[in-house]
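Residue numbers run from 1 in the order of the sequence given. Since this is a predicted model, take the numbers as computed values, not measurements.
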Amino acid sequence: MWSFESVFYQIYPLGFCGAPRANDGVCAHRITKVAAWADYLAELGVGAVLLNPVFDSSTHGYDTRDLTRVDCRLGTNEDLADVVRALHARGIRVVLDAVFNHVGREFWAFRDVREHRWDSAYRDWFCLNFDGDSAFGDGFWYEGWEGCYDLVKLNLRNPAVVAYLLDTVRGWRREFGIDGLRLDVAYSLDRDFLRSLHGVARELSATAPAAAPLGGPRAEDTAFVLIGETLHGDYSQLVNPEMLDSCTNYECYKGLYSSFNSQNMFEIAHSLHRQFGGDPWCIYRGLHLLSFADNHDVTRLASILNDPACVRPAYGVLFGMPGIPCLYYGSEWGATGVKGAHDDWDLRPAFEAPVQNELAAHVARLIAARTVGSGARALSYGAYRNVQIQNKQLLFERTVEAEGAEPAARVLVAVNAVAEPFTFSAGELTGTFADLLDGDGGSVELAGTLELAPYEVRYLLAR
């Protein structure tokens with residue numbers, strides 16, 4: 001599946017495009033800014049753009065008013081279709097944020113319930129009863145998402161609601177030519193609904209997107225992917241042949257930054273082995289979880305790390321470990337942002353233009369190693385094995401067996417998390433290797449040791 005071999009790039013459009021925080025009803029064609037970044041994204045090497053909510057809402061996008069109309073603060077449906085075409089033309093797929101657990105109080109069907117109450121044809125679209133009252137004095141009680149009554153929970157056991165949402169997905173594919181969905185709060189979604197959505201995704205995978213044919217590599221792969229937002233618990237309950245293709249790996253998100261802050265690489269090494277290692281009890285072998293260092297809901301990597309220089313090796317771990325790497329816009333050049341400093345909008349700024357600096361160039365090299373050349377298959381599909389773990393350093397191995405015309409491959413990922421040099425000693429560090437982060441693709445001869453400079457990362461492909 002194309003998503004397993006791609007690097008994702010997440011954009012929160014309302015913030016990225018500088019839209020007003022509250023819907024002012026004024027149509028402005030702001031979302032075309034995403035298309036203006038298409039060349040930059042192609043040069044960076046990303047294979048898919050994940051757009052957080054783009055449909056009509058009252059404020060932040062997750063309080064939806066209409067799932068069929070692009071938010072006027074971002075523009076029109078035609079604008080979004082143009083953005084998808086521009087990205088597809090550069091070989092970049094597009095995944096939309098699907099908010100199916102809840103809607104806003106101004107959602108058209110809930111407005112009908114507020115107006116007609118018991119007589120509304122849509123009263124069973126929501127989890128409500130008329131024996132109480134809401135905090136807003138609606139004359140009935142309803143369930144909100146996790147106690148937030150601005151977000152009205154949909155009744156996903158109602159066949160009419162399910163049919164409406166599934167038809168909406170078909171409409172998005174038909175009108176915009178999108179390549180998949182990120183399912184908001186997937187952990188809250190009804191499991192039977194997810195099975196039905198999976199069936200629609202396989203249906204849509206059978207044909208190429210009509211609105212915007214994809215160019216670039218693997219254009220023949222028309223899979224419509226489903227990626228769920230999950231936090232804790234057993235990810236395989238959602239990522240399986242009946243439901244989702246992937247989900248967010250919050251366990252390793254926490255282990256990633258925490259290992260660098262505590263100078264304890266055993267934490268992330270333990271999580272990675274627990275999830276993807278070769279022992280029979282390792283729980284997610286063969287799964288491709290969405291891995292990330294930050295996103296629109298958490299403090300940015302450059303702000304959460306105690307030592308800002310650790311951003312470089314942290315990305316080295318992210319792109320070397322199993323999963324589908326996902327960048328949050330701006331973090332590739334070291335943008336900062338703290339959750340809770342004022343509100344989440346601090347995490348979702350508008351940038352005038354991409355910043356080209358050494359960190360961004362480093363990330364581009366990591367993406368190239370992950371997606372291009374002989375080592376890419378090992379990094380995308382390879383098994384995981386810890387070779388050597390120190391408090392401040394980590395050496396692990398990604399290996400993949402030969403398949404068809406594709407040869408077996410082995411990549412060693414070496415990371416130094418501190419300001420002092422370090423030398424690894426291991427039998428695996430013997431032989432000839434290609435340095436995947438060396439733009440010249442030079443060879444390295446090793447005799448059992450490897451010296452790392454402060455904060456250095458090495459990806460070494462065995463030859």
Could you check whether the rings of Phe319 and Tyr315 sit parallel, tilted or perpendicular, using 30° and 60° as the cut-offs? tilted

Who pairs with Phe266 by side-chain contact (heavy atoms from CB on, under 4.5 Å), at least two apart in sequence or on another chain? Asn264, Ile389, Asn391

Could you check if a side-chain atom of Leu204 sits within less than 4.5 angstrom of a side-chain atom of Val169, using non-hydrogen atoms only? yes

Any non-hydrogen side-chain atom of Lys339 less than 4.5 Å from a side-chain atom of Leu347? yes

Asp346 side chain to Gly337 main-chain N or O, any donor-acceptor pair under 3.5 Å? no

Can you name the closest pair of heavy atoms from Ala186 and Leu244 and give their distance? CB-CD1, 4.2 Å

Do Leu67 and Leu165 have side-chain heavy atoms sitting under 4.5 Å apart? yes

Verify whether one side chain among Asn101 and Lys153 offers a donor that lies under 3.5 Å from an acceptor in the other. yes

Could you check Arg202 against Asp245 for salt bridge (Lys or Arg N to Asp or Glu O under 4.0 Å), going step by step and ending with a plain yes or no? CA-CA 11 Å; Arg202 299 293 80 83; Asp245 302 302; 3.7 Å; yes

Is it possible for you to check whether Arg300 lies under 6.0 Å from the centre of the six-membered ring of Tyr329, through NZ or CZ, and within 45° of that ring's axis? yes

Could you tell me whether the side chain of His198 and the main chain of Pro241 form a donor-acceptor pair under 3.5 Å? yes

Point-to-point distance, once rounded to the nearest 0.5 Å, from CZ of Phe224 to CZ of Arg173: 6.0 Å

Ser6-Arg93 side chain donor-acceptor pair, cut-off 3.5 Å: no

Would you indicate whether Glu358, at its atom CD, is surrounded by more than 12 heavy atoms from other residues, nucleotides or ligands within a distance under 6.0 Å? yes

Taking C-beta and beyond as the side chain, do Ile227 and Leu50 meet within less than 4.5 Å on heavy atoms? no

From Asp294 CG over to Leu256 CG, what is the distance, rounded to the nearest 0.5 angstrom? 9.5 Å

For the pair Asp297 and Arg348, evaluate salt bridge (Lys or Arg N to Asp or Glu O under 4.0 Å) and give the outcome as yes or no after the intermediate values. CA-CA 9 Å; Asp297 284 327; Arg348 308 164 183 180; 3.3 Å; yes

Report the distance from atom CG of Leu290 to atom CG of Asn295, rounding to the nearest 0.5 Å. 9.0 Å

Min side-chain heavy-atom separation Asn416-Pro313 under 4.5 Å: no

State, yes or no, whether a side-chain contact exists between Leu305 and Tyr257 at a heavy-atom distance under 4.5 Å. yes

Looking only at non-hydrogen atoms, find the nearest pair between Thr299 and Ser303 and report the distance. CG2-CB, 3.6 Å

Between Thr222 (side chain) and Ala206 (backbone), is there a donor-acceptor pair under 3.5 Å? no

Run the numbers on Glu251 and Arg274 for salt bridge (Lys or Arg N to Asp or Glu O under 4.0 Å), then give the verdict. CA-CA 11 Å; Glu251 177 184 339; Arg274 173 181 177 271; 2.7 Å; yes

Parallel under 30°, tilted from 30 to 60°, perpendicular over 60°: which one fits the rings of Phe4 and His288? parallel

Looking at CD of Glu451 and CG of Leu429, how far apart are the two atoms once the value is rounded to the nearest 0.5 Å? 12.5 Å

Over 60° means perpendicular and under 30° means parallel, so tell me whether Phe55 and Phe176 are parallel, tilted or perpendicular. tilted

Okay, side chain of Asp71, backbone of Ser57: is any donor-acceptor separation there less than 3.5 Å? yes

For the CG atom of Asp192 and the CG atom of Leu197, what is their distance to the nearest 0.5 Å? 12.5 Å

Check His60 against Leu151 and note the closest heavy-atom contact, atom names and distance. CE1-CD2, 4.1 Å

Using only atom types and a distance under 3.5 Å, with no angle test, would you say the side chain of Ser271 pairs donor to acceptor with the backbone of Gly255? no

Side chain of Arg377, backbone of Glu401: donor and acceptor closer than 3.5 Å? yes

Phe433 and Glu428 have their tightest heavy-atom pair at CZ-O, 3.4 Å

Please table the atom pairs, donor to acceptor, closer than 3.5 Å between any side-chain atom in residues 452-461 and protein atoms at least two apart or in another chain.
residue, atom, partner, partner atom, Å
Tyr455, OH, Asp307, OD2, 2.5
Glu456, OE1, Ala453, N, 2.6
Arg458, NE, Asp435, OD2, 3.4
Arg458, NH2, Asp435, OD2, 3.3
Tyr459, OH, Gly316, O, 2.6
Tyr459, OH, Gly320, N, 2.9

Could you tell me whether a side-chain N or O of Gln10 sits under 3.5 Å from a main-chain N or O of Tyr328, the two making a donor and an acceptor? no

Apply ring pair (Phe, Tyr, Trp, His ring centres under 6.0 Å) to the pair Tyr9 and Trp37, showing each step before the final yes or no. CA-CA 12 Å; Tyr9 192 88; Trp37 281 40; 7.0 Å; no

Which pair of non-hydrogen atoms, one from Tyr284 and one from Gly233, has the smallest distance, and what is that distance? OH-O, 3.6 Å

Under 3.5 Å, is there a donor-acceptor pair between the Tyr381 and Glu5 side chains? yes

Checking Arg21 now: which residues fulfil side-chain contact (heavy atoms from CB on, under 4.5 Å) with it, not counting sequence neighbours? Asp343, Trp345

Quick check against the 3.5 Å criterion: does Arg398 have a side-chain atom that pairs as donor or acceptor with the backbone of Leu379? yes

Short side-chain to backbone donor-acceptor contact, Trp333 and Pro354, under 3.5 Å: no

Asp167 (side chain) donor-acceptor with Tyr164 (main chain) under 3.5 angstrom: no

Minimal heavy-atom distance between Val94 and Leu87, with the atoms involved, is CG2-CD1, 3.6 Å

Do the side chains of Arg170 and Glu203 get close enough for a salt bridge, i.e. N-O under 4.0 angstrom? yes

In Å, rounded to the nearest 0.5 Å, how long is the span from OH of Tyr253 to OG1 of Thr248? 11.5 Å

